[in-house]
Amino acid sequence: MELSAKINKIIKFSNVDGPGNRMAIFFQGCNFNCEYCHNPETINECKNCNQCVEVCPTSALYIDESSVKWKENLCCECDKCIKICKFDASPKIKEYTINELIKEVTKVKPFIKGVTVSGGESTLQYRFITEFFKEIKRKWPNLTCFVDTNGSLNLKDEMYKEFVDITDFFMLDVKAWDEQEHIDLTAEKVENVIENLQFLKSIEKLFEVRTVVVNQKLNNRLTIKKVSEIISKTDIRYKIIRYRHFGVREKLQKNLFSPSDIELKELEDLAQSLEVKNTLII
Ligand code: SF4
Ligand code: SF4
Ligand code: SF4
């Protein structure tokens, strides 16, 4: 059977998803459920409850054989469907085969340095991505292939070898170092994330680590210190990200607090004191 993948969104030109101008592809589905997720509609598959069909102002959504379908040309991007969904899903998902996705890359190829797959959690669809990256490398060897990941799959495992080999670089989220804190935030354990941090560094495929700083919830200093000790003296970039309410589920916002500029600077100073050479606060 031909491989296909569910895609939430494609951004043709992005300069925040790895080096240079890149096509960013957001895969649908995630195995974490982070309280601060800015795109919670990427977490689950649509349950075809039909509620969003009723609120769509342009009839871009309709029911076909018990499943909800989306007519992109009628959509005004009001996101009423996303707001009403109780299942952290989106009806605006498109399914692509590898050839169909390659056609999308072809349209922008002269203007990009590479492709980044993100999510949701893109690595859950690693088989598709492996073949997609192989095809990119076959057609355009100068394009780089990056993966943005929450680090949940143990990439050291033999079953992911081909996927890791074909990927140029990974960008890894380390959301919390403490096990219980990570579970409270994401609903999953941190063990694989930490192993991936060490493994990807050891094979020189770690481009960037990201930590979102949330006050009154996370031990931000512990996470930054532990990550910094591992990526110390390398060229791996450490992005220290300010938590913001934007896009976060309203019912969860009340427990999440943004750090001040001073607090972020103190965390950056901590990373730099541990000889992290490349830090960035955003
Ligand atoms: S996207 Fe959400 S609201 Fe719409 S049909 Fe699917 S599950 Fe229901
Ligand atoms: S964003 Fe959703 S609700 Fe709004 S027009 Fe598009 S499909 Fe309809
Ligand atoms: S890993 Fe990313 S996409 Fe998944 S729930 Fe967390 S923030 Fe959202």
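Heavy-atom basis, side chains included; hydrogens, waters and symmetry copies ignored. First listed ligand is number 1; within each ligand, the first listed atom is number 1. From a predicted model like this one, the values you see are computed outputs, not experimental measurements.
For ligand 2, the atoms closer than 4.0 angstrom to any heavy atom of D79 are 1 (S), 4 (Fe). Set against the non-hydrogen atoms of V68, the atoms of ligand 1 under 4.0 Å away are 5 (S). Interface of W70 with ligand 2, defined as ligand atoms under 4.0 Å from a residue heavy atom, comprises 7 (S). Against a heavy-atom cut-off of under 4.0 Å, T58 is close to the following atoms of ligand 2: 5 (S). Residue L61 has at least one heavy-atom neighbour below 4.0 Å for each of these atoms of ligand 2: 7 (S). Applying the 4.0 Å criterion to heavy atoms of N150 picks out, from ligand 3, the atoms 1 (S).
Contacts with ligand 2 closer than 4.0 Å are made by backbone heavy atoms (N, CA, C, O) of E77 only, the side chain lying farther away. Residue V53 does not touch ligand 1, judged by heavy-atom distances below 4.0 Å. When heavy-atom distances to ligand 1 are checked against a 4.0 Å cut-off, I84 has no atom that comes that close, whether in backbone or side chain. Only the side chain of I43 comes within 4.0 Å of ligand 3, judged by heavy-atom distances.
Side chains of S260 and E263: a donor-acceptor N/O pair is present below 3.5 angstrom, by distance only. Counted by atom type alone, E54 and N50 present zero donor-acceptor pairs between their side chains at under 3.5 Å. For the residue pair E121 / N31, no side-chain donor-acceptor distance below 3.5 Å is found, with atom types taken as modelled.
For atom 7 (S) of ligand 1, the closest non-hydrogen atom of the protein is K47 N, 3.3 Å. Taking atom 6 (Fe) of ligand 1 as the reference point, the nearest protein heavy-atom neighbour is C46 SG, 2.3 Å. For atom 5 (S) of ligand 3, the closest non-hydrogen atom of the protein is C34 N, 3.3 Å. Among protein heavy atoms, atom 8 (Fe) of ligand 3 sits closest to C37 SG, 2.3 Å. The protein atom (non-hydrogen) at minimum distance from atom 3 (S) of ligand 1 is C49 SG, 3.5 Å. Closest to atom 4 (Fe) of ligand 3 among all protein heavy atoms lies C30 SG, 2.3 Å. In terms of protein heavy-atom proximity, atom 2 (Fe) of ligand 3 is closest to K175 NZ, 4.1 Å.
Y243 and H245 have perpendicular rings, their planes meeting at more than 60° on a 0 to 90° scale where under 30° would count as parallel.
Atom CG in N192 sits 4.5 Å away from atom CG in N154 (nearest 0.5 Å). Within the model, atoms OG of S202 and CD1 of I230 stand 11.0 Å from one another, a figure rounded to the nearest 0.5 Å. Note that OG of S4 and CG of N99 are 12.0 Å apart. Values are rounded to the nearest 0.5 Å.
Cation-pi geometry between K9 and F26 is met: under 6.0 angstrom from the ring centre, within 45 degrees of the axis. Relative to the six-membered ring of F146, R22 meets both conditions, a distance below 6.0 Å and an angle of at most 45° to the axis.
Atom 8 (Fe) of ligand 2 has no N, O or S atom of C81 closer than 2.8 Å. Put simply, C75 stays out of reach of atom 4 (Fe) of ligand 2, with no N, O or S atom under 2.8 Å from it.
Panel note: side chain R242, backbone L264; no donor-acceptor pair is recorded below 3.5 Å. No donor-acceptor pair closer than 3.5 Å links the side chain of S14 to the backbone N or O of I11.
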